[in-house]
Amino acid sequence: MATSVRKAVLPVAGMGTRFLPASKAVPKVMLPVVDKPLIQYAVEEARAAGIEEFIFVTGRDEATIKDHFERDEALYAYLAARGDDESLAATASAVLAPGTAAFARQEKPLGLGHAVFCARDLVGDEPFAVLLPDELLLGDPPCLAELVEVHGRTGGSVVALAEVPQAETGRYGIAEVTGEDEGEALALGGMVEKPDPPRAPSRLALIGRYILQPGVFTWLAAQVPGAGGEIQLTDAMAAMAQEERFHGVRFNGRRFDCGSPMGAIQATIACAMERPELRQELLSFLREVTPSS
Ligand code: UTP
């Protein structure tokens with residue numbers, strides 16, 4: 001797929017406090033959904049959108065993530081000697097081609113905006129994607145591919161949105177819609193990070209997929225800590241949306257917040273149900289553990 005968006009930033013330097021103690025020694029994004037770590041779902045979504053370079057913003061967990069996406073010669077030789085083609089294919093699916101993965105270090109988790117800012121030299125002067133891997137999005141077309149397609153028509157910056165209950169606006173960045181639908185794209189005039197429900201400009205939440213113009217780095221450089229004392233990506237985007245083209249696209253697929261145990265459990269069940277070899281046994285098990293009403 002020819003695309004003007006070649007690079008994706010995947011920030012994974014957060015502390016993952018909602019997933020302690022599992023996330024103490026294992027990065028949250030390396031926890032499995034069925035048999036694949038969460039981060040691999042995001043990489044596959046990015047690949048399907050035509051992304052060619054993957055920039056991971058990491059904290060203390062860089063080595064584990066690097067290892068996952070590199071070819072492991074010893075494992076490869078072991079599986080090849082056994083003729084285990086299925087496992088060979090599974091390991092190969094996790095390998096990123098040499099030179100396509102890059103790592104930027106975020107020394108301290110100062111916020112998502114700061115994490116994205118840490119990737120500025122690797123991104124350079126071109127529009128780029130950001131994917132928050134703990135948001136697992138299952139859609140056809142995949143969410144980022146949809147954003148790339150809309151970006152091809154609208155230019156500027158484009159973010160994915162989903163409607164949330166009014167009572168939950170305080171958990172998200174919330175979009176301020178200013179324009180009519182342009183196809184599936186809504187013109188945005190701003191956004192607010194974690195507004196209390198009465199202050200929320202809409203019920204459309206940003207759900208962790210973005211295509212941003214490189215100008216966002218200038219706004220991020222000027223940011224002071226916002227909600228929660230963190231340098232917020234939403235605040236930089238809000239400033240940018242007042243001056244440049246900014247669109248939102250409603251995501252109609254399924255969304256799982258795998259940063260929390262409940263989201264991860266639901267994602268695991270949803271993904272397992274789509275696997276023919278797992279589905280029947282899982283259904284029987286769910287019936288067994290569900291008390292009859
Ligand atoms: P979250 O707030 O969902 O992740 O950030 P967290 O901070 O790791 O989790 P909790 O709230 O403590 O449980 C969304 C994404 O942004 C990254 C996280 O790793 C996650 O992928 N992030 C967040 C950073 O890379 N750096 C930060 O300073 C903050």
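One-based numbering along the sequence shown. Indexing begins at 1, ligand by ligand and atom by atom, following the structure's order.
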Check: Looking at atom 14 (C) of ligand 1, what's its closest protein heavy atom, distance included?
Finding: Asp134 OD2, 3.8 Å
Checklist line | Distance from atom 21 (O) of ligand 1 to nearest protein heavy atom, with residue and atom | finding: Pro11 O, 2.8 Å
Check: Where is the nearest protein heavy atom to atom 25 (O) of ligand 1: which residue, which atom, and how far?
Finding: Ala13 N, 2.8 Å
Item checked: Protein contact of atom 12 (O) of ligand 1 - nearest heavy atom, named by residue and atom, plus distance -> Thr17 OG1, 2.6 Å
Checklist line | ligand 1 contact by Gln106, heavy-atom criterion under 4.0 angstrom | finding: yes
Note to self: Checking a contact table here: which protein heavy atom is nearest atom 16 (O) of ligand 1, and how many Å away?
What the structure shows: Leu112 CD1, 3.7 Å
Check: So does Glu163 pair up with Arg250, basic N to acidic O under 4.0 Å?
Finding: yes
Next item on the list: May I ask you to establish whether Arg6 and Phe128 are in a cation-pi arrangement, using a distance under 6.0 Å from NZ or CZ to the six-membered ring centre and at most 45° from the ring axis?
Entry: no
Note to self: Salt bridge or not between Glu168 and Arg171? Use side-chain N to carboxylate O under 4.0 Å.
What the structure shows: yes
Check: Among all protein non-hydrogen atoms, which one is nearest to atom 22 (N) of ligand 1, and what is the separation to 0.1 Å?
Finding: Gly14 N, 3.6 Å
Note to self: Tell me the protein heavy atom at minimum distance from atom 8 (O) of ligand 1, and give that distance in Å.
What the structure shows: Gly16 N, 2.8 Å
Checklist line | Shortest protein heavy-atom distance from atom 28 (O) of ligand 1, along with the residue and atom involved | finding: Gly111 N, 2.7 Å
